[in-house]
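Note that these values count all heavy atoms, side chains included, but never hydrogens, waters or copies made by symmetry.
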Amino acid sequence: MNLDLASTETAELDALLRLAVQETLATTDFSAALNAFLAALPETAPEFMAMLPAGSERAIAFTLLREVWNHTPRPDHGWKRLPLPKPERNAPCPCGSGRKYKHCCGELDRLGPPLPDGFTVLGYVLETIPVRRFAELPFRQLDPQEVSHVASEWSKEGRLEPAIALLEALLAPGGKFDARHEHAFDELCSLYLDAGRAEERLALVERFLTVPDKPLRGAAWQRRATIHADAGEFDQAWAAFKEAQRLDPDQPALALLELTLLGTEGRLDEAQARAAFWSKRLRKLGEAREELLEFLEEVARNPAELLGRLMSTAAGEAGDFETEDFADDDEASEDESEAFIALLERLPAPQCHYRLTPFEDSAGPLEPTAALVDVEREWGRVFWDGRAEDRGYWADTDWLEWLEKTPLAWQSFAVLEDVSAILDESLFPEAFEERLDVAEERLLDHSVALLRQVIAENGAEGKKLEWGWHENRPALRLLMNAAELAYGTDKELPLLEWLIALNPNDNGGQRERLVHLYCEQGRPADALALCERYPGDELPGTLYGRVLALYLLGRRGEAVAALAQAKKCLPKVLKTLLAARPKPPAMTPGGVIHGGDDEAWLYRLEYRPSWESCGALRWLEEVSGARR
């Protein structure tokens, strides 16, 4: 039995933990919370539940909920936890199975805690508190670093104003602040910058210039230095830097701040010398990340190029910089590009090196043969270990020679996915653009053909290859890439249909495109049938695609009712879809906000042509009361 939450999809894990906290806060009776949690799990986390061994559901639910229960501060109990005593080995299991604990849920204890070190549920608890009441929170009972982490995660999810409100409450005037509040201070400064609230940021910095704690005061002086530098006030910036250095002389962030100031003034020789000084000092102290040390050593060798890159990012503050922003461009040379393309021009024929164990309507997980496992392990060592993520694909190209000598690698979906990722990056000279497009199509065609052959040789035609099995995901992601590359061609429709047949949960959301493609091709009944396979779906492509399908079927009354439902759920989509000249919104880095302006804009870009080609846009304007 294995409780592998680390491999659970982020969105589903988030929903799983939120549910656990909700059930914990709903009662002080653990048994009642467990029963409610277990009943809601199949709908909340279907993929997670599908991966559990039969008969283990209650034990795993018990173990997970107990961990959350023991970590949850309860607002209605003075923000105190109500930890459960650890069950006695020979006592009845608290999960209610009737078995002894050691023969039931106790078997999971040997696996260790189900959640990683540093795990926190505070964010889910704070979601239950109205933002207007954040000022009433008992911050003396809460870890300021944990609160800051919650705000940071909220800001990454696009919840900027709640994140700001939480940190404003934590750092409100009159509080006692120390080094534990430094991350919260830095985070609030950054969020003010993102929100364009310069006056609030300056007021916060000025207030923290006088706090008793020296490191925290030093952090405020660093921020004051960057504000002066942004205004071109370099004498004041240097004075603030010196004060920050006096208060906390070995703070690694000072190195980046000093190089930023020197580089902005064009003092590259001094920057080179100071980079050498900082790299030696910080390495000796052992208080800096390796990425920062490598960056400083690069500046000491080549200040002009790297400080030029540093200055190109100066729209932010020095305290916000990440070292990886300043690494050398990771581009392939012409020789490397030529060698890479040559490999893709002579791909071997697909060969099946996977086993499937079909049962009922499922093909089960893709299991590589022992030989392929060895190849994938070697690929990980050659391609990934300690190099690709930190230094770029082309910093060390031993993997090119390895691929040349290891033809079996081209039969691995894991290797093919990594190679596909390289092709997606803009790392090649422009002269190779057309050949790379052809190479990418060849690679994905090979991947699709390989998947068909694997399924056929294992007698799994017509069965599902679910996303819930992690072993299947590289193959499914390659199929998604192939469908995307085939956009607007005759290949697209059959690839999308096969993808959803293999993985009906449609974790990539390809059903949105398929619904509209069916409508464009005069198959509204198929579009409607696809929508109805996902009841309660709130994807804009399904909600509004259903309206389009009903309109094309002549079922106008139902189309109007479906439109009302779609508008109620996602009103911005309709408004943006019908607008004559909408202004493009600010996009959310790394994602799209459900119900947000960015989601509505993307729907318009992708699917307004479908409404136009189907002749449904004028009808939509009329029934919604919109005018051009």
Side-chain angles (χ1 to χ4, degrees), residues 1-20 37-65 108 111 114-116 354-368 372-373 376 412-414 416-417 447-448 450-452 454-455 458-484 495-512 514 530 533-539 542 591:
M1 189 182 298
N2 184 21
L3 182 52
D4 185 12
L5 285 176
S7 62
T8 304
E9 284 293 290
T10 301
E12 187 159 297
L13 177 58
D14 185 61
L16 188 69
L17 295 176
R18 181 174 287 106
L19 172 65
F37 180 59
L38 192 58
L41 271 179
E43 182 177 351
T44 302
E47 292 180 30
F48 173 73
M49 293 295 286
M51 291 188 293
L52 300 183
S56 70
E57 295 86 355
R58 189 172 186 86
I60 289 180
F62 166 81
T63 302
L64 175 58
L65 184 64
L108 290 177
L111 300 178
L115 295 165
Y354 288 90
R355 290 183 295 270
L356 289 168
T357 308
F359 59 97
E360 297 181 353
D361 63 346
S362 174
L366 286 162
E367 300 178 41
L372 199 58
V373 168
E376 291 176 346
S412 162
F413 293 115
L416 291 170
E417 184 183 17
S447 303
V448 172
L450 176 61
L451 182 57
R452 292 190 189 281
V454 168
I455 289 174
N458 282 278
E461 295 98 328
K463 297 188 181 295
K464 295 184 292 186
L465 194 78
E466 300 100 327
W467 181 266
W469 296 103
H470 285 256
E471 298 91 333
N472 296 343
R473 294 184 184 183
L476 290 171
R477 281 191 288 257
L478 285 163
L479 187 53
M480 292 176 192
N481 292 346
E484 184 176 351
L495 286 174
L496 288 173
E497 290 178 324
W498 189 39
L499 181 57
I500 291 178
L502 286 175
N503 181 43
N505 281 345
D506 186 30
N507 302 82
Q510 278 74 26
R511 60 187 178 275
E512 293 187 278
L514 185 54
L530 181 58
R533 287 169 58 183
Y534 301 92
D537 191 0
E538 293 187 357
L539 287 178
T542 312

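Across E367 and T357, no two heavy atoms sit closer than the pair OE2-OG1, 3.9 Å. Across all their heavy atoms, L356 and I455 have their closest contact at CD1-CA, 4.2 Å. In terms of heavy-atom proximity, L530 sits nearest to R511 at CD2-O, 3.9 Å. The shortest non-hydrogen separation linking P358 to G459 is CG-O, 4.2 Å. Scanning all heavy atoms of the two residues, the minimum distance from G509 to L539 falls at CA-CD1, 4.4 Å. Here the closest non-hydrogen pair linking K463 and L502 is O-CD2, 3.7 Å.
Here Y354 pairs with F413 under the ring pair (Phe, Tyr, Trp, His ring centres under 6.0 Å) rule; sequence neighbours left out. Residues satisfying the side-chain hydrogen bond (donor to acceptor under 3.5 Å, both in side chains) criterion with N458, sequence neighbours excluded, are absent altogether. Applying the side chain to side chain contact (heavy atoms under 4.5 Å, CB included) test to E417 and every residue at least two apart in sequence or in another chain returns P474, R477, L478. With sequence neighbours left out, N472 forms a side-chain hydrogen bond (donor to acceptor under 3.5 Å, both in side chains) with no residue at all. Looking at residues two or more places apart in sequence or on another chain, you find a side chain to side chain contact (heavy atoms under 4.5 Å, CB included) between A414 and E376, S412. Residues passing the side chain to side chain contact (heavy atoms under 4.5 Å, CB included) test with T44, sequence neighbours excluded: A15, L19, A40. In this structure, the side-chain hydrogen bond (donor to acceptor under 3.5 Å, both in side chains) partners of K464, at least two apart in sequence or on a different chain, are D361. Residues satisfying the side chain to side chain contact (heavy atoms under 4.5 Å, CB included) criterion with A20, sequence neighbours excluded, are F37, L65, V68. For R18, the side-chain hydrogen bond (donor to acceptor under 3.5 Å, both in side chains) partners two or more places apart in sequence, or in a different chain, are D14, E127.
Atom CD of E47 is separated from atom CG of N505 by 6.0 Å, given to the nearest 0.5 angstrom. Interatomic distance, CE of M49 versus CG of L38, reported as 6.0 Å (0.5 Å rounding).
Taking the side chain as every heavy atom from C-beta outward, R473 and N507 never approach each other to under 4.5 Å. Looking only at side-chain heavy atoms (C-beta outward), D506 and L514 stay at 4.5 Å or farther from each other. Looking at N503 and L479, their side chains never come closer than 4.5 Å, going by heavy atoms from C-beta outward. A heavy-atom distance below 4.5 Å is found between the side chains of V448 and W498.
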